[in-house]
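Order of the sequence lines sets the chain letters (A, B, ...), proteins ahead of strands, with each chain counted from 1.
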Number of protein chains: 2
Amino acid sequence: MTVSRFSLTISPMPSKKYHHGDLKNALIKAGVEILAKEGVSGLSLRKVAQRAGVSHSAPYAHFPDKQSLIAAISTEGFNQLYAELESAISSHSKNPKKQLIEGAKTYIRFAEENTDTFKIMFSGVLEKEKDYPSFVEISSKTFKLVVEVVQACQSAAILPAAPADLMAVSVWGQLHGIVSLALEGQVPHTVLDRHNIQEIVSFAIGQMTT
Amino acid sequence: MTVSRFSLTISPMPSKKYHHGDLKNALIKAGVEILAKEGVSGLSLRKVAQRAGVSHSAPYAHFPDKQSLIAAISTEGFNQLYAELESAISSHSKNPKKQLIEGAKTYIRFAEENTDTFKIMFSGVLEKEKDYPSFVEISSKTFKLVVEVVQACQSAAILPAAPADLMAVSVWGQLHGIVSLALEGQVPHTVLDRHNIQEIVSFAIGQMTT
DNA sequence: CGAAAATCTTGACACCGTCAAGATTGTGAC
DNA sequence: GTCACAATCTTGACGGTGTCAAGATTTTCG
């Protein structure tokens with residue numbers, strides 16, 4: 001509009017172009033921030049657009065709908081989780097048990113520090129995950145990480161012999177279940193008074209390992 | 001309004017009173033039905049009201065807001081889950097291992113048959129659970145059921161000696177984690193090709209028991 | 001340079017949760 | 001019984017939401 005161009009001319013505003021440049025990533029970033037500040041129910045396309053400094057329907061140039069933006073945010077979350085897990089695991093490449101424990105710690109920390117991103121990734125907010133190839137890819141890549149650690153533990157006789165993928169689902173399920181119940185406030189205070197989530201998970205995984 | 005009373009007079013409509021009689025429960029029931037047919041994202045107060053045959057803001061006579069209705073639906077879900085678990089467990093009162101396995105089966109079946117009710121109960125849709133006493137009560141009552149089964153298993157040396165509530169969080173977490181991952185489509189097909197959820201859980205719990 | 005494609009804005013639509021005002025009905029005191 | 005009051009329900013409005021259509025602006029590329 002003429003007015004905004006005029007004010008842009010006489011008092012040069014800090015880089016306000018018609019084209020954003022990298023709006024797609026800016027929207028994802030804005031989404032993550034809103035998620036952290038207002039939670040899942042506070043996440044709206046219009047707020048994301050506003051925070052990125054564009055009009056309410058600008059996002060439709062980059063995402064066909066809200067679900068698609070949520071998929072992108074979830075994918076970004078998985079990328080971060082994968083990177084952190086990968087880093088934690090490769091720090092103990094000669095000690096499978098430590099890989100398992102530190103991997104679990106990393107998972108817990110990620111869930112605690114990015115609660116609502118974690119929820120978006122795992123709580124059915126994303127309705128048709130299979131429609132988003134990059135989401136499927138990074139999530140199955142993450143699962144393969146778990147399988148590798150499990151196999152290393154089996155080779156070291158720390159976990160019992162069994163199909164590695166099946167055992168991986170057990171281990172991940174155990175970890176994920178406790179974390180999820182905790183985030184939902186379903187772990188009773190009689191337990192939380194004595195142990196934090198970290199300790200509960202350590203106990204549970206300790207039961208599985210030898 | 002005069003018109004409707006008139007039509008009620010000349011052609012007797014099937015019991016359309018101004019006062020519903022039991023609207024509160026009708027709304028909960030309608031909510032469960034919509035949940036089953038349209039999923040969590042399809043659940044709106046206005047649809048619930050319409051399905052119950054009342055105006056869009058009639059629910060506010062019984063629930064202060066949408067969260068409160070969701071709490072009621074979740075509570076109802078927990079009541080049903082508790083009843084089914086209780087029934088399954090009391091059917092094998094002399095066999096703790098069977099109690100554990102059948103309880104798990106019941107949990108899985110409930111999640112599969114009432115997927116979206118299960119999600120509402122456990123996926124952060126209900127934002128401040130502690131504000132709803134009857135929800136807190138039935139959910140902690142359910143946890144106590146798990147504790148009882150765990151204790152019975154410990155007495156029979158089926159589960160190792162450890163604080164029963166801690167062990168209960170492990171067992172429930174293991175079960176809940178696998179079910180949740182499965183509902184999210186996070187259990188890879190390489191596993192699902194060979195085993196259904198039932199078998200995966202059986203394997204995982206088998207690892208914990210002796 | 002100019003046409004086509006990409007990007008962004010404006011405006012509209014139906015739906016949503018919520019509230020205020022008022023209509024209708026049930027209830028209990030007298 | 002009746003009459004005031006409480007409970008219940010309707011109507012109408014408000015701002016916020018996701019989404020789409022039309023058009024403005026900018027970039028890209030033949």
Side-chain angles (χ1 to χ4, degrees), chain A residues 1-9 13 15-28 30-31 34-35 37-73 120 125-128 131, chain B residues 1-9 13 15-28 30-31 34-35 38-73 120 125-128:
Chain A
M1 184 161 278
T2 313
V3 178
S4 61
R5 271 210 301 180
F6 183 60
S7 78
L8 191 71
T9 304
M13 287 178 168
S15 70
K16 280 229 169 176
K17 305 178 299 184
Y18 191 90
H19 278 30
H20 181 286
D22 191 21
L23 182 55
K24 186 164 186 172
N25 287 312
L27 291 169
I28 296 174
I34 291 178
L35 218 39
K37 272 165 201 155
E38 307 188 36
V40 177
S41 68
L43 181 69
S44 80
L45 262 185
R46 291 171 103 106
K47 268 190 232 169
V48 168
Q50 188 179 19
R51 172 170 272 262
V54 293
S55 78
H56 65 261
S57 63
Y60 285 89
H62 303 276
F63 301 100
D65 51 27
K66 188 186 182 183
Q67 278 290 303
S68 182
L69 173 60
I70 289 177
I73 296 175
I120 268 207
V125 181
L126 183 56
E127 296 185 340
K128 294 162 73 183
D131 289 0
Chain B
M1 185 159 280
T2 315
V3 179
S4 62
R5 271 208 302 179
F6 183 61
S7 79
L8 191 70
T9 304
M13 288 179 169
S15 69
K16 283 233 168 175
K17 304 180 298 184
Y18 193 92
H19 279 27
H20 181 284
D22 191 21
L23 182 55
K24 185 165 187 173
N25 286 314
L27 290 170
I28 296 174
I34 291 178
L35 218 41
E38 307 188 36
V40 177
S41 69
L43 182 69
S44 79
L45 263 185
R46 292 172 104 106
K47 267 189 233 170
V48 168
Q50 188 180 16
R51 174 170 270 262
V54 293
S55 78
H56 64 262
S57 64
Y60 285 88
H62 302 277
F63 301 100
D65 52 26
K66 188 185 180 184
Q67 279 290 304
S68 184
L69 172 61
I70 290 178
I73 296 175
I120 268 208
V125 182
L126 183 56
E127 297 186 338
K128 294 162 72 181

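In this entry the distance linking CG of A:Asp65 with P of D:dT17 reads 17 Å, nearest Å. Whole-Å rounding puts the A:Lys47 NZ to D:dG15 P distance at 17 Å. The CG-P distance, from B:Leu45 to C:dT18, rounds to 6 Å in whole Å. Taking atom NE2 on B:His62 and atom P on D:dT10, their separation rounds to 10 Å, with Å as the unit. Distance B:Gln67 CD to C:dC16 P: 17 Å, rounded to the nearest Å. If you take OH of A:Tyr60 and P of D:dG18, they are 7 Å apart, rounded to a whole angstrom. A:Leu27 places its CG atom 11 Å from the C1' atom of C:dC8, with the value rounded to the nearest Å. In this structure, the CD1 atom of B:Ile70 is 14 Å from the P atom of C:dC16, given to the nearest Å.
The phosphate of C:dC8 (OP1 or OP2) has no side-chain N or O of A:His56 nearer than 4.0 angstrom. Taking only side-chain nitrogens and oxygens, A:Ser44 comes nearer than 4.0 Å to OP1 or OP2 of D:dT17.
Ranked by how close their nearest DNA chain D nucleotide is to the 5' end, B:Asp22 and A:Arg46 are led by B:Asp22.
For A:Ala61, the side-chain atoms get nearest to C:dT7 when compared with the rest of C:dT9, C:dT7, C:dT18. With distances taken from any side-chain atom of B:Lys66 to the nucleotides C:dA12, D:dC9, C:dT18, the minimum falls on C:dT18. With C:dC16, D:dT8, C:dC8 as the candidates, the nucleotide lying closest to the side chain of A:Leu23 is C:dC8. In the set C:dG11, D:dC9, C:dT18, C:dG11 carries the atom at the smallest distance from any side-chain atom of A:Ser57. Out of C:dC16, C:dT10, C:dA20, the shortest distance to the side chain of A:Ser55 is found at C:dT10.
Of all heavy-atom pairs spanning B:Val40 and B:Leu35, the tightest one is CA-CD1, 3.8 Å. In terms of heavy-atom proximity, A:Ser55 sits nearest to A:Ala49 at O-CB, 3.3 Å. In terms of heavy-atom proximity, A:Leu45 sits nearest to A:Tyr60 at CD1-OH, 3.5 Å. When every heavy atom of B:Gly42 is checked against every heavy atom of B:Lys47, the shortest pair comes out as O-NZ, 2.9 Å.
Using a distance-only test at 3.5 Å, with no hydrogens or angles considered, no donor-acceptor pair links the side chain of A:Glu127 to the main chain of A:Gln67.
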